[in-house]
Amino acid sequence: MRYKIVAGNWKMNLNQNQATQLTHDINKYLSNNNLPKQIKVVIHPPAPYLANCVNYISEDNNTTFGVGGQNCYTQASGAYTGETAPEMLKDIGCQYVLIGHSERRKYFNESHDFLAEKVNKALETRLTPIFCCGEALEIREAGTHEAHVETQLRESLFHLSKDDFSKVIIAYEPVWAIGTGVTATPDQAQDMHAALRKLIANQYDSNIAENTTILYGGSCKPANAESLFSQPDVDGGLIGGASLKADSFTEIISIMMKCLAS
Ligand code: PGA
């Protein structure tokens, strides 16, 4: 199902009080604003705060507002010190999990195969994977960005059956735009999202491609959200910096509502 999604990736930021307050403020905003069913809001707090944040989502918002892990491991339990099982995320009420964020790929050397295993495990646990892909600046400058992102999908997602693939959300995040203040232009985002949709149509079928939610991430903020979200193949955003404050994050949600209505 192709949803419009505004997801906040808090990364390794905030303390417990701030995380609670932010969740409370977003929940309040959603209670006061009737979001169309097609829009989903997701937050990805740091692991120690996840369970607490889940508890701050009121019942009236529990179909709209979801919580996700920023990462998970490939096993259900065992001697894996420091890791979090998808089953544990599920157990505390998470619905989503980020997989393959560029910071995980870069700082923790996560390989295509490892990410494929995480995707499998998340799906087995009935968590929705938000699979991140995107190219570094030198790849963009060399003009091989589409081939690069294609490889990321091919190696970590295209082993999935049609049924499983249709449960995955994709986030295109050019690495050069993450946390830099430099955003991809709406045309650059649209071109890549359209290329991804075409790739998915070729690998699976056009119906699956049309129904895949593809988010843009990388310095997305209130000032540029409208121009990005109004692109036909951009289904929302994975927001880092601008998701750490309730006013900017909820403003992005309101921009999504406006784009959907127009
Ligand atoms: P940013 O981060 O919005 O701060 O660029 C996005 C992300 O890394 O998901």
Side-chain angles (χ1 to χ4, degrees), residues 3-14 18-19 22 26 40-47 49-50 53 66-72 94-110 115 118-119 122 127-137 139-140 145 148-149 152-153 156 168-186 188-189 192-193 196 213-229 231 234-256 259:
Y3 289 107
K4 301 289 177 188
I5 296 181
V6 179
N9 176 11
W10 296 0
K11 309 192 181 186
M12 201 172 72
N13 291 301
L14 307 181
Q18 292 165 329
L22 183 51
I26 298 165
K40 304 280 177 209
V41 174
V42 185
I43 52 171
H44 294 273
Y49 309 145
L50 283 167
C53 291
V67 176
Q70 296 177 12
N71 180 34
C72 67
C94 288
Q95 300 171 39
Y96 303 84
V97 61
L98 291 179
I99 293 179
H101 191 280
S102 61
E103 288 147 19
R104 301 287 325 166
R105 293 176 190 261
K106 181 175 170 194
Y107 301 127
F108 304 97
N109 298 318
E110 296 195 351
L115 297 177
K118 291 188 186 204
V119 168
L127 286 170
T128 298
I130 302 183
F131 180 82
C132 305
C133 58
E135 80 287 354
L137 185 60
I139 295 171
R140 168 66 60 166
H145 43 288
H148 179 84
V149 173
Q152 292 177 321
L153 265 66
S156 302
V168 176
I169 291 166
I170 293 178
Y172 168 58
E173 299 201 303
V175 179
W176 45 271
I178 296 178
T180 57
V182 180
T183 319
T185 64
Q188 285 174 321
M192 181 59 93
H193 285 224
L196 285 171
T213 301
I214 309 179
L215 310 179
Y216 168 80
S219 298
C220 183
K221 50 184 182 261
N224 57 31
E226 185 170 355
S227 60
L228 290 161
F229 296 171
Q231 298 302 313
V234 177
D235 301 313
L238 179 56
I239 326 287
S243 73
L244 295 172
K245 293 234 156 64
D247 53 358
S248 51
F249 191 62
T250 55
E251 197 178 337
I252 295 173
I253 299 170
S254 77
I255 292 168
M256 174 52 83
C259 290

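Counting starts at 1 for both ligands and their atoms, in listed order.
Which parts of ligand 1 touch G241 is read off a 4.0 Å heavy-atom cut-off, strictly below it: atoms 1 (P), 3 (O), 4 (O). Ligand 1 places these atoms under 4.0 Å from at least one heavy atom of G179: 1 (P), 4 (O), 5 (O). Interface of L238 with ligand 1, defined as ligand atoms under 4.0 Å from a residue heavy atom, comprises 6 (C), 9 (O). With ligand atoms numbered from 1 in the order given, ligand 1 contributes 5 (O) to contacts under 4.0 Å with heavy atoms of G218.
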Exercise. Given Q188 and H145, is the side chain to side chain contact (heavy atoms under 4.5 Å, CB included) satisfied, shown in steps?
Worked result: CA-CA 11 Å; Q188 285 174 321; H145 43 288; over 6 Å; no
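When every heavy atom of W176 is checked against every heavy atom of A136, the shortest pair comes out as CD1-C, 3.8 Å.
No donor-acceptor distance shorter than 3.5 angstrom exists from the side chain of D235 to the backbone of I169, with no hydrogens or angles considered. A donor-acceptor pair under 3.5 Å is absent between the side-chain atoms of E135 and the main chain of V149, judged by distance alone.
The distance criterion of under 3.5 Å between nitrogen or oxygen atoms is not met by I239 with respect to ligand 1. Not a single N or O atom of T180, backbone or side chain, sits closer than 3.5 Å to an N or O atom of ligand 1.
Ranking protein heavy atoms by distance to atom 3 (O) of ligand 1, first place goes to G240 N, 2.8 Å. Among protein heavy atoms, atom 7 (C) of ligand 1 sits closest to E173 OE2, 3.1 Å.
Neither the backbone nor the side chain of A242 comes within 4.0 Å of ligand 1, counting heavy atoms alone. Neither the backbone nor the side chain of K221 comes within contact range of ligand 1; no heavy atom lies under 4.0 Å. If you look at I178 next to ligand 1, the close heavy atoms, those under 4.0 Å, come from the backbone and the side chain alike.
Scanning Q70, H101, K11, E103 for the heavy atom closest to atom 2 (O) of ligand 1 points to K11.
Using a 3.5 Å distance cut-off with no hydrogens or angles, the side chains of W10 and Q70 do not pair a donor with an acceptor.
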